[in-house]
There are 2 protein chains.
Amino acid sequence: MASAPHDAPGFELPLRMFMAFRMALDEVHAELAAQGHPDVRPTHGYVFQAIGPHGTTAADLGRALGISKQAAGKSIATLEGLGYVTLSPDPHDARRKLVHLTARGVDVLVRSARVFETIRARWAAELGPERLRELEADMRRMTPDDFFRLDVPGWFGSVG
Amino acid sequence: MASAPHDAPGFELPLRMFMAFRMALDEVHAELAAQGHPDVRPTHGYVFQAIGPHGTTAADLGRALGISKQAAGKSIATLEGLGYVTLSPDPHDARRKLVHLTARGVDVLVRSARVFETIRARWAAELGPERLRELEADMRRMTPDDFFRLDVPGWFGSVG
DNA sequence: TATACTGGACAACAAAGTTGTCGATATGCG
DNA sequence: CGCATATCGACAACTTTGTTGTCCAGTATA
């Protein structure tokens, strides 16, 4: 449509972005598994981040992540079972249950951040630090500020 | 780890890549839906591309996409029901069933390509054509050549 | 106080994969 | 030639991760 002769086909860049994302996430979770966190799933990272230092509730978590409160509730139950979060009653509102990260949950966050930095360093070495910063700047222009939403519920819909 | 003071946190770039990918795919499928293909799913695009002009079989499709042949078979059955592919016996091998795109299937491919080019043109306008080409070149260095694999079977594992 | 809203739990269901098994067909080799 | 092995596609059962709908308890508003 508006592409010059030897440009990449339009689908290539998005697909490569997805591929890079997936490689990074796979590496993070392979490392986490090797470092004592074999049960942490990619989406759990989003959940951990969304819980944050002050804690949340299931309904808020769902809103932050763009999923239903029920789905958020299931995640929390799973993570509680794995020892990554704790639930406590909210003293100001008897309906709510506050979710907080345990030390083990924080550990995941710390280790993930470390692996992400390692990956970033590798990319910096591959492309040069300046070029990588340009890439990051460009990506910021291409994506909204709340790049944190998940709503992957079923966007990768039916193959079948 | 190896990051200078004001660098982006390591997780930002991968997440923004995923976001950009998802926005592009959402736009493509919103357009497809508006143009008479409401039932086409993101993964179907991969399937269509993998079928190609010469046709395939379920087992080959599974290998190309990195999913099981059963899953590929389900996709094919769905797409056949939607009128996007046809099945015919292989004259050289009675076990195999050849999968080919119908005219309607090719139409999806053509329309998708068009939307992807529109998106690319918008990015070119936003960043400048030269920066976009650099971005594409960088992404090629960061990702493998077979950037086409799907194997999203469950990589986005359990939230719950 | 009566009504409406919100938080969390339970249940039923949907989508898209997976593994395992099976019969039918090909293929390779003694 | 004929048997052992491998592959194709189909069927079934299951898993994961989400969805809606319903319900009750607690809070807020008029």
Side-chain angles (χ1 to χ4, degrees), chain A residues 22 29 38-47 50-51 55-82 85-99 149-160, chain B residues 22 25 29 38-47 50-51 55-82 85-100 149-160:
Chain A
R22 205 153 63 68
H29 287 277
D39 297 319
V40 175
R41 297 297 184 159
T43 39
H44 292 158
Y46 282 82
V47 174
I51 291 175
T56 341
T57 63
D60 279 345
L61 183 62
R63 277 189 289 266
L65 261 39
I67 59 178
S68 65
K69 64 179 180 177
Q70 291 88 338
K74 286 189 196 180
S75 301
I76 290 169
T78 301
L79 290 174
E80 191 190 18
L82 292 170
V85 304
T86 48
L87 293 178
S88 53
D90 183 334
H92 301 311
D93 186 335
R95 293 167 307 178
R96 315 204 322 154
K97 286 188 183 175
L98 297 176
V99 187
R149 293 183 62 79
L150 180 50
D151 47 300
V152 184
W155 68 258
F156 217 84
S158 94
V159 178
Chain B
R22 204 154 63 68
L25 231 46
H29 288 277
D39 296 320
V40 175
R41 296 295 184 161
T43 38
H44 292 156
Y46 281 83
V47 172
I51 290 174
T56 341
T57 64
D60 278 345
L61 183 62
R63 277 188 288 266
L65 260 39
I67 59 176
S68 66
K69 63 178 181 177
Q70 289 91 336
K74 285 189 197 179
S75 300
I76 291 169
T78 301
L79 289 174
E80 190 191 19
L82 292 171
V85 304
T86 48
L87 294 177
S88 53
D90 183 335
H92 302 311
D93 185 337
R95 293 168 307 177
R96 315 206 318 157
K97 286 187 183 174
L98 297 175
V99 187
H100 287 275
R149 294 182 62 81
L150 179 50
D151 47 300
V152 186
W155 69 258
F156 219 85
S158 97
V159 178

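Below, read A as the first sequence line, B as the second, and so on, with proteins coming before strands; counting in each chain starts at 1. Reckoned from all heavy atoms, side chains included, excluding hydrogens, waters and symmetry mates.
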Next item on the list: Only counting residues at least two apart or in another chain, list the ones meeting side chain to side chain contact (heavy atoms under 4.5 Å, CB included) with B:Asp90.
Entry: B:His92, B:Asp93, B:Arg96, B:Leu98
Check: Any side-chain heavy atom of A:Leu65 sitting closer than 4.5 Å to one from A:Val47?
Finding: yes
What does the list of N/O pairs under 3.5 Å between the protein and nucleotides 21-23 of chain D look like, with a distance for each?
unit_1	atom_1	unit_2	atom_2	d
D:dG21	O6	A:Gln70	NE2	2.7

Note to self: I want to verify a distance call: between D:dC8, C:dG7, D:dT19, whose nearest atom is closest to the A:Ile67 side chain?
What the structure shows: D:dT19
Checklist line | Euclidean distance, atom CD1 of residue B:Ile76 to atom P of D:dC11 [Å, nearest integer] | finding: 14 Å
Check: Passes side chain to side chain contact (heavy atoms under 4.5 Å, CB included), B:Leu79 versus B:His44? Steps please.
Finding: CA-CA 8 Å; B:Leu79 289 174; B:His44 292 156; 3.7 Å; yes
Note to self: Check the phosphate of D:dG18 against A:Ser68, side-chain N and O only, distance under 4.0 Å to OP1 or OP2. Yes or no?
What the structure shows: no
Item checked: Spacing of B:His44 atom NE2 relative to C:dA15 atom P, expressed in whole Å -> 11 Å
Note to self: Between A:Arg63 and A:Asp60, is there a side-chain heavy-atom distance shorter than 4.5 Å?
What the structure shows: yes
Check: Does a nitrogen or oxygen in the side chain of B:Arg63 sit under 4.0 Å from OP1 or OP2 of D:dT7?
Finding: no
Next item on the list: Calculate, to the nearest 0.5 Å, the distance between atoms CD1 and OG belonging to B:Ile67 and B:Ser75 respectively.
Entry: 5.0 Å
Next item on the list: Identify whether any heavy atom of A:Thr57 sits under 4.0 Å from a base atom; if not, whether one sits that close to sugar-phosphate; answer base, sugar-phosphate or nothing.
Entry: sugar-phosphate
Notebook entry, point to check: Below 3.5 Å, does any donor atom in the side chain of A:Lys97 face an acceptor in the base of C:dG7, or the other way round?
Noted result: no
Check: Would you call A:Glu80 and A:Leu87 a side-chain contact if the rule is heavy atoms closer than 4.5 Å?
Finding: yes
Check: Does the pair B:Ile51 and B:Val85 meet the rule for a side chain to side chain contact (heavy atoms under 4.5 Å, CB included), with working shown?
Finding: CA-CA 9 Å; B:Ile51 290 174; B:Val85 304; 3.7 Å; yes
Pairs under 3.5 Å (N/O, protein and nucleotides 26-30 of chain D):
unit_1	atom_1	unit_2	atom_2	d
D:dG26	N2	A:Arg95	NH1	2.8
D:dT27	OP1	A:Ala94	N	2.7

